[in-house]
Amino acid sequence: MKNIVILISGTGSNMAAIVKVAQRDDWRGKFGARVAAVMSNRADAKGLDLAAEQGIATAVLDHKTFASRDAFDTALAELIDRYDSPAQPLLLVLAGFMRILTPGFVRRYEGRLLNIHPSLLPAFAGLHTHQRALDAGCKVAGATVHRVTAELDHGAILAQAVVPVLPGDTADTLAARVLTQEHLIYPRVIAALLQG
Ligand code: GAR
């Protein structure tokens, strides 16, 4: 069995999309893979309830209770590593996990660590991607699934989805349009990786 661990900080709609497709397409039977746990750095992340309702293990590790970024990442890695063994290798999926990870953490999971970012990378790494795309006068926007490397939002691109920017768009309307595409491409990339 392969263990997928998903890290979230908020709504968890990408996580929910992955869980839904995993069930619908029988990832357990097809790929020997399951969403084993959902973890959050925020206790109020809405996605945690949804994961629990699906019978998925959840954990909260509040970053504010740690003295340093290193200490938080070390504790998080300890939690994650419970889901990693030769018989049950780990795939670590960042889905709206709003924390910058230390290079040590990224190295530890290199090659099995994915992220989704709400822009067409390499444009608009970092925050406020939709407002920045609007301010730049972009005619299209989108999302990118990529491998995670120590440099923020710069790992190898695995998939992208493009949406039009429409007249009258606000950051919120554009974000919503992009998000619907995120829900399609993220599960698709994960399935492709599980398939090999
Ligand atoms: C998504 O749009 C995701 O691309 C973005 O946060 C949102 C999370 O939504 N991620 C980042 O900005 C990472 N830098 P969700 O919690 O509903 O999946």
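Atoms considered below: every heavy atom in the structure, side chains included; atoms not considered: hydrogens, waters and symmetry mates. When a ligand or atom number is given, it counts from 1 through the structure's own listing order. This one's a predicted model, so the numbers in the text were calculated from it and none came from an experiment.
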Can a salt bridge be assigned to the pair D81 and R108 using a cut-off of 4.0 Å between side-chain N and carboxylate O?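 So D81 pairs with R108 through a salt bridge.
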**Q.** S13 versus H183, side-chain donor and acceptor atoms under 3.5 Å
**A.**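 On atom types as modelled, these side chains qualify, holding a pair under 3.5 Å.
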- Can K46 be said to touch ligand 1, with heavy atoms closer than 4.0 Å?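 Outside the 4.0 Å threshold, so no.
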Just to check, does I8 reach to within less than 4.0 Å of ligand 1 when the distance is taken from its heavy atoms?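 No; I8 lies far enough from ligand 1 that no heavy-atom distance drops under 4.0 Å.
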Any donor-acceptor pair under 3.5 Å from [X] side chain to [Y] backbone:
X    : Y    : answer
R147 : G111 : yes
Q181 : V162 : no
D73  : T102 : yes
D169 : L166 : yes

query: Which class fits the ring pair F97 and F72: parallel under 30°, tilted 30 to 60°, perpendicular over 60°?
result: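 F97 vs F72 ring planes: parallel.
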- Item | Within-cut-off N or O pair, S13 and ligand 1, under 3.5 Å |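 Right, the criterion is met.
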Item to complete: Decide whether an N or O pair under 3.5 Å exists between N14 and ligand 1.
Response: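 There is such a contact, yes.
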Next item on the list: Would you mind listing which atoms of ligand 1 come within a distance below 4.0 Å of any non-hydrogen atom of E182?
Entry: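 Result: 1 (C), 2 (O), 3 (C), 4 (O).
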Could you tell me which atoms of ligand 1, counted from 1 in the order shown, lie closer than 4.0 angstrom to a heavy atom of T11?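 Result: 16 (O), 17 (O).
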Original post:
Between V178 and ligand 1, which part of the residue brings a heavy atom under 4.0 Å of the ligand: side chain, backbone, both or neither?
Top reply: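 For V178, no heavy atom sits under 4.0 Å from ligand 1.
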Requested in this report: Look at atom 16 (O) of ligand 1 and find which of G12, G96, P118 reaches it with the closest heavy atom.
Outcome: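 Minimum heavy-atom distance to atom 16 (O) of ligand 1 goes to G12.
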Quiz item: Considering only the protein, which heavy-atom contact is closest to atom 13 (C) of ligand 1, and what is its distance?
Solution: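 Protein heavy atom at minimum distance: M98 SD, 3.8 Å.
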- Message: Among all protein heavy atoms in this structure, tell me which lies nearest to atom 14 (N) of ligand 1, with the distance rounded to 0.1 Å.
- Response: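 Answer for atom 14 (N) of ligand 1: H117 ND1, 3.7 Å.
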